[in-house]
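Okay, structure first, notes after.
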Amino acid sequence: MFSDLDGSLLDHYSYSFDAALPAVNALEELDIPLILVSSKTRAEILAVREQLANRHPFIVENGAAVFVPQRYFPVQPAATVLRDGYWVWETAPSRSRWLELLAALAVEFPSSFEYFHRAGVNGIMQMTGLSAVQATRANSREYSEPVKWFGGPQEELRFIEHLRESGASVVKGGRFLSVSGDCDKGRALRWLRDCYQALTPDRPVDDIAIGDSANDCRMLEAARTALLIRSPVHDFPPLARVDGVMRSQLPGPQGWAEGVSKWAQLNPLST
Ligand SMILES: [Mg+2]
């Protein structure tokens, strides 16, 4: 099971996952791995993962890298590097590349946008409502940079076009534009699913992806089942697929629990 955090497992406003906790614990008892997939950084995801007592791999910064705890699988997956006790599969260039690009664009788009590195911990706290500790984690990025847009929609399109012409990939999340390399949650999902599939070659892995925003779409398209979580601030993102799509009635972690329970009832033997 692959799940987005903000607006899905975590409440859009309070970042709380309490309403989903019974469903999270039920999954663990059923031996269904819950993979956290987020635009968040490794440090941020590790904090949530610890609170959830989650021991599974996780996907950081919109799919830029997959972190697999060392020895989680019997064999180290190909193309991974060992770092800080994790087998890491990386797909994207480092953050510094995007910081240079944004500094250059600040000349043409003055006061139309802000980004985490320039805002600093205090600025991030103002933009997100995070605490100082949380804002520090959010700023410890390795592969991408969140940008808050303040200008008009036409200007935003031009801004995004500039970024893309310079080789950046730009994904619109619930609150921020994420500027990164060519990575997506769907590719990371497929790679990690292949790792699990290698454990049970005779039985196809059944998976579900859970998300609420446009940056979840590739992951939602890649999984066998897609669970769209209702957002209090925007519509469901459009999906190309029609089959195997569930939409929650409730928002955030309430909708997460609702959808996961429904999925578990429909797929009683899933792992
Ligand atoms: Mg989200």
Side-chain angles (χ1 to χ4, degrees), residues 1-21 23-24 34-49 51-52 54 56 58-66 116 124 127-130 134-135 137-138 141 143-149 169-180 183-189 192 207-223 225-239 241 245-260 263:
M1 169 169 303
F2 298 85
S3 178
D4 170 52
L5 292 178
D6 287 1
S8 298
L9 184 56
L10 307 183
D11 185 88
H12 176 78
Y13 299 105
S14 70
Y15 298 105
S16 164
F17 55 70
D18 289 353
L21 204 48
V24 168
L34 170 59
I35 311 296
L36 307 180
V37 186
S38 181
S39 58
K40 288 177 180 294
T41 64
R42 170 175 26 156
E44 290 174 294
I45 296 176
L46 281 175
V48 177
R49 190 170 169 271
Q51 289 167 30
L52 290 167
N54 181 296
H56 300 291
F58 53 94
I59 297 170
V60 307
E61 297 189 43
N62 271 327
V66 182
F116 275 20
I124 295 170
M127 285 192 284
T128 59
L130 295 173
Q134 291 167 327
R137 284 187 199 124
R141 315 199 72 79
Y143 308 99
S144 58
E145 183 67 4
V147 175
K148 180 84 178 168
W149 184 256
S169 153
V170 184
V171 179
K172 223 170 167 169
R175 293 158 180 258
F176 296 97
L177 299 169
S178 177
V179 179
S180 69
C183 55
D184 69 72
K185 291 179 172 183
R187 189 164 63 194
L189 179 152
L192 188 50
D207 62 343
I208 176 171
I210 306 173
D212 71 310
S213 295
N215 65 337
D216 299 312
C217 283
R218 289 178 183 174
M219 167 172 87
L220 291 162
E221 298 285 3
T225 304
L227 169 57
L228 284 160
I229 303 296
R230 188 174 295 280
S231 165
V233 291
H234 58 75
D235 291 336
F236 288 124
L239 289 183
R241 67 186 293 176
V245 179
M246 305 168 67
R247 291 178 176 80
S248 76
Q249 294 296 320
L250 298 166
Q254 290 87 2
W256 200 96
E258 169 203 335
V260 167
W263 177 75

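Not measured: the values here are computed from a predicted model. Order of listing sets the numbers, starting from 1, for every ligand and every atom in it.
- Under the side-chain contact (heavy atoms from CB on, under 4.5 Å) criterion, R241 pairs with E221, A226, L239, V245, sequence neighbours left out.
- Among the heteroatoms counted here (N, O or S) of D6, O is the one nearest to the Mg ion (ligand 1).
- The closest side-chain heavy-atom distance from L52 to L9 is below 4.5 Å.
- Remark: the E258 side chain and the S248 side chain contain no N/O donor-acceptor pair separated by less than 3.5 Å.
- Inclusion of D216 in the first shell of the Mg ion (ligand 1) is not supported: no N, O or S atom falls under 2.8 Å.
- Take the Mg ion (ligand 1) as the corner point: the lines to OD1 of D212 and to OD2 of D4 open at 80°, to the nearest 10 degrees.
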Could you check H56 against R49 for side chain to side chain contact (heavy atoms under 4.5 Å, CB included), going step by step and ending with a plain yes or no? CA-CA 9 Å; H56 300 291; R49 190 170 169 271; 5.6 Å; no
